[in-house]
Amino acid sequence: MNINVVDVLNTGVTGFAFLMLYLGYRLTSGVQSKILEKNPNDFSDIEFFREWKSIICHQLTNTRYFMIFAIIFFAGGLFLLSYKSTSKIILGVTPTEACYRPVVNHQAKTVEISDNGRTEISVKDDHNLLISNDALVKELTKLKLELYDVNDISKTLSIEKANSSKDSGYGF
């Protein structure tokens, strides 16, 4: 079985715990296969067999402790994945006039901004917060175009007045 260790570790604590569980499984199955491969008749002395049995029992006990630790670590990692901290954002909007307030969406729900221009929003790590100033931008664009029109009219009137006036030096 090919496991990309870097990809597994990128998941954080849970990935590390998974690798520990996998290594513990491989260690346990390796020890068990060595136990099953050994024939008790292969031992020349009963003391040698008892020594071997003691070493194997200690090895299995250590492997079990490792596996229990890895399972606890894995469960803690899963808990951390399911737990997401909540943050509070206090949004202040100025000017507080109602016609040009931005539209605030939190997880596709529109958030109402209070009359004083402040509101509190509780968000989690993966929540979306969208603030749209379309009404203000449209109004500014409209006023800018009106200003250009007024400037053009003012220039035109100034030129017409200058051309029609005898004091401007152009009239005869």
With clusters built from Ile, Leu, Val, Met, Phe, Trp and Tyr whose side-chain heavy atoms come within less than 4.5 Å, directly or transitively, what are the remaining members of the cluster of Val137, listed by chain and number? none
Mind checking the OH-CG spacing from Tyr148 to Leu145? Nearest 0.5 Å is all I need. 8.0 Å
One should read off an interatomic distance between Asp149 CG and Glu146 CD, to the nearest 0.5 angstrom, of 7.5 Å
Report yes or no: do Leu140 and Leu147 belong to one cluster of Ile/Leu/Val/Met/Phe/Trp/Tyr joined by side chain heavy-atom distances under 4.5 Å? no
If you draw a 6.0 Å radius around CZ in Phe66, do more than 12 non-hydrogen atoms from other residues or ligands fall strictly inside? yes
Just to verify, what does Phe69 make a ring pair (Phe, Tyr, Trp, His ring centres under 6.0 Å) with, not counting sequence neighbours? Phe73
If you measure from CE on Met67 to CG on Leu60, what distance do you get to the nearest 0.5 Å? 12.0 Å
Please enumerate all residues that pass side chain to side chain contact (heavy atoms under 4.5 Å, CB included) together with Lys109, with sequence neighbours excluded. none
In chain order, what residues pass the side chain to side chain contact (heavy atoms under 4.5 Å, CB included) check against Ile55, with sequence neighbours excluded? Glu51
Connected via hydrophobic side-chain network under 4.5 Å: Leu143 and Ile153: no
Partner set under side chain to side chain contact (heavy atoms under 4.5 Å, CB included) for Phe74, not counting sequence neighbours: Thr14, Ala17, Phe18, Leu21, Leu78
Between Ser33 (side chain) and Ser29 (backbone), is there a donor-acceptor pair under 3.5 Å? yes
d(Lys144 NZ, Glu139 CD) to nearest 0.5 Å is 14.0 Å
Assigning hydrophobic clusters by single linkage (Ile, Leu, Val, Met, Phe, Trp, Tyr; side-chain heavy-atom cutoff under 4.5 Å), is Leu23 placed with Tyr65? no
Side-chain heavy atoms under 4.5 Å apart, restricted to Ile/Leu/Val/Met/Phe/Trp/Tyr: what other residues fall into the cluster of Ile68, or is it alone? Ile72
Is there a donor-acceptor pair closer than 3.5 Å between any side-chain N or O of Ser54 and the backbone N or O of Arg50? no
Residue list, side chain to side chain contact (heavy atoms under 4.5 Å, CB included) with Asp45, at least two apart or on another chain: Glu47, Phe48
Pairwise distance CZ(Arg26) to OG1(Thr63) - rounded to 0.5 angstrom: 13.5 Å
